[in-house]
Novice: 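Below you will find the structure I want to go over with you.
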Protein chains: 2
Amino acid sequence: MSPLQTRETPQAPSSRDKILDTCEALFARSGYAGVGLREVAEEVGLGKSSLFHHFASKQQIYYEVLLRVLERIEVNVAVALGGDAASLSATERLRRLGRGLVDALAEHPTSARLLLRALFEVEPFPHMDEPTAESRACDAVLESMIDAFGRLVLDGIASGEFREVSVPDTTTTMMGAAVFHFASGELGESLVGGSLYSARAVARRRRELESFFVHALVRPDRATD
Amino acid sequence: MSPLQTRETPQAPSSRDKILDTCEALFARSGYAGVGLREVAEEVGLGKSSLFHHFASKQQIYYEVLLRVLERIEVNVAVALGGDAASLSATERLRRLGRGLVDALAEHPTSARLLLRALFEVEPFPHMDEPTAESRACDAVLESMIDAFGRLVLDGIASGEFREVSVPDTTTTMMGAAVFHFASGELGESLVGGSLYSARAVARRRRELESFFVHALVRPDRATD
DNA sequence: GTCTATACTACGATAGAC
DNA sequence: GTCTATCGTAGTATAGAC
């Protein structure tokens, strides 16, 4: 905590960061095709051309935005399933996964929408010539999370804790259940009667998703609650 | 079956229908903003301007496409939950809902993606001045389906068949689980190792979603399978 | 690092001939 | 009912001055 190092360290976000933050919000709201760089530049407070000083193309901005989001979420999934948690029972890991996903998606209101779009939009781009370094990085993070889901379900079935479900179907079911809620926008808010991201709504979501997952998968005689 | 009436009745789709079909496929693939009328016209085999002879604007095409999709889905939900089914137990209706949703979404590969986009995209349009007749019709169909979900969950809790879950959370969970799977595209196909819409994959999905819903909601001592 | 100016393409939509 | 031609705007991206 030396004065020299901490001075202004969290201050003065660079133009680069401002562009990424702005694009994260706009891409989450309107998707890749729905956002123009004119709007981005206006919101950031720069000229349109200045954006190209910081990024080579709109695609590159998109993938850098997406990568940040995916890495934020992966941290929570890794904490729930990997490392020290790897030795826990599948049931306990399932509980942690439910809570961890909710925490990850509730952290930023943009995360769920961006993730959902990335999961189901084939490629947001007219024609992408070849995978870029950024797009491959995004694919890798996504794949590692999905693999972790699958391994958890397989473990639970192997240990006899879970019903004998289809692993791919259970994976898409859990992903859809987790992500859609926080991406559901106006619809979700009209259902819950308020913000999806209020502390109360998030706490309830954490309980609900965890118990939904557990009841759906864990054999009744193995349930611990 | 008089020769006069059946002659060519299913043949010769009008330009109007061709435009709607084409737009359904393209909007499902790329979203509203991601599709240009130039591409639509090319695919239909018309000039761009001819589209405006059949529809007043791109927005109008979008809502007519969406309304067709919503009504196709609503039919299945209504069969599962309404009419003769209304007197069945909540558990049996929940089973029917799971199967009905799968059947509805598996019917056309475009349905899930269009529905998912409609559910979470705030408004796909830059600025919509005021609700149109078409947009209000879409809202009405959507609302009636969501209400039916909520009533089913409430009924199940009231009768003691279901756990005491949060109705809004359970609604978004079920919607996300049902819709995301069939919208998950390449990701889902790599998980199941083939088409999401093959007879085998759909049959499995029907079983999996039904049992996922039942186990997640129905109290173990009330389960019937 | 930001600006103005510009290039070129595509957008949604309209007018009017046929 | 379809066409060509055109309008005005906005799209991504580049060049070059400051």
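Not measured: the values here are computed from a predicted model. Letters go in sequence order (proteins before strands), and every chain restarts at 1.
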Novice: Under a 4.0 Å N-O cut-off, is there an ion pair linking B:E107 with B:R72?
Specialist: no
Novice: Which residues in residues 19-29 of chain A have a heavy atom closer than 4.0 Å to any atom of DNA chain D?
Specialist: none
Novice: Write down the distance between CZ (A:R16) and P (C:dT2), rounded to a whole number of angstrom.
Specialist: 13 Å
Novice: Rounded off to whole Å, could you give me the CG-to-P distance for the B:L46 and D:dT4 pair?
Specialist: 11 Å
Novice: In whole angstroms, how far is the P atom of C:dT14 from the CZ atom of B:F55?
Specialist: 15 Å
Novice: So which atom in A:A112 and which in A:L105 form the shortest heavy-atom distance, rounded to 0.1 Å?
Specialist: CA-CD2, 4.0 Å
Novice: Determine, for nucleotides 10-18 of chain D in 5'-to-3' order, which nucleotides have protein heavy atoms under 4.0 Å from the base (write B), from only the sugar-phosphate (write S), or from neither (write -).
Specialist: SSBBBB---
Novice: In whole angstrom, what separates B:Q60's CD from C:dA13's P?
Specialist: 10 Å
Novice: Could you check A:E74 against A:S144 for side-chain hydrogen bond (donor to acceptor under 3.5 Å, both in side chains), going step by step and ending with a plain yes or no?
Specialist: CA-CA 8 Å; A:E74 195 198 23; A:S144 92; 2.9 Å; yes
Novice: Evaluate the ring planes of B:F182 and B:Y197, with Trp represented by its six-membered ring, and classify them as parallel (under 30°), tilted (30 to 60°) or perpendicular (over 60°).
Specialist: tilted
Novice: With sequence neighbours left out, which residue pairs that include part of residues 25-52 of chain A fulfil the side chain to side chain donor-acceptor pair (under 3.5 Å) condition?
Specialist: A:R29-A:E39
Novice: What's the shortest heavy-atom distance between A:F120 and B:S184, and which atoms?
Specialist: CB-CA, 4.4 Å
Novice: With respect to the phosphate group of C:dG1, does any side-chain polar atom (N or O) of A:H53 fall under 4.0 Å of OP1 or OP2?
Specialist: yes
Novice: Pick one: which of A:V141, A:I146, A:D139, A:D147 meets side-chain contact (heavy atoms from CB on, under 4.5 Å) with A:E143?
Specialist: A:D147
Novice: So does A:S50 get a side-chain nitrogen or oxygen closer than 4.0 Å to the phosphate oxygens (OP1/OP2) of C:dG1?
Specialist: no
Novice: Work out which heavy atom in A:F213 is nearest to a heavy atom in A:L94; give both atom names and the distance.
Specialist: O-CD2, 3.6 Å
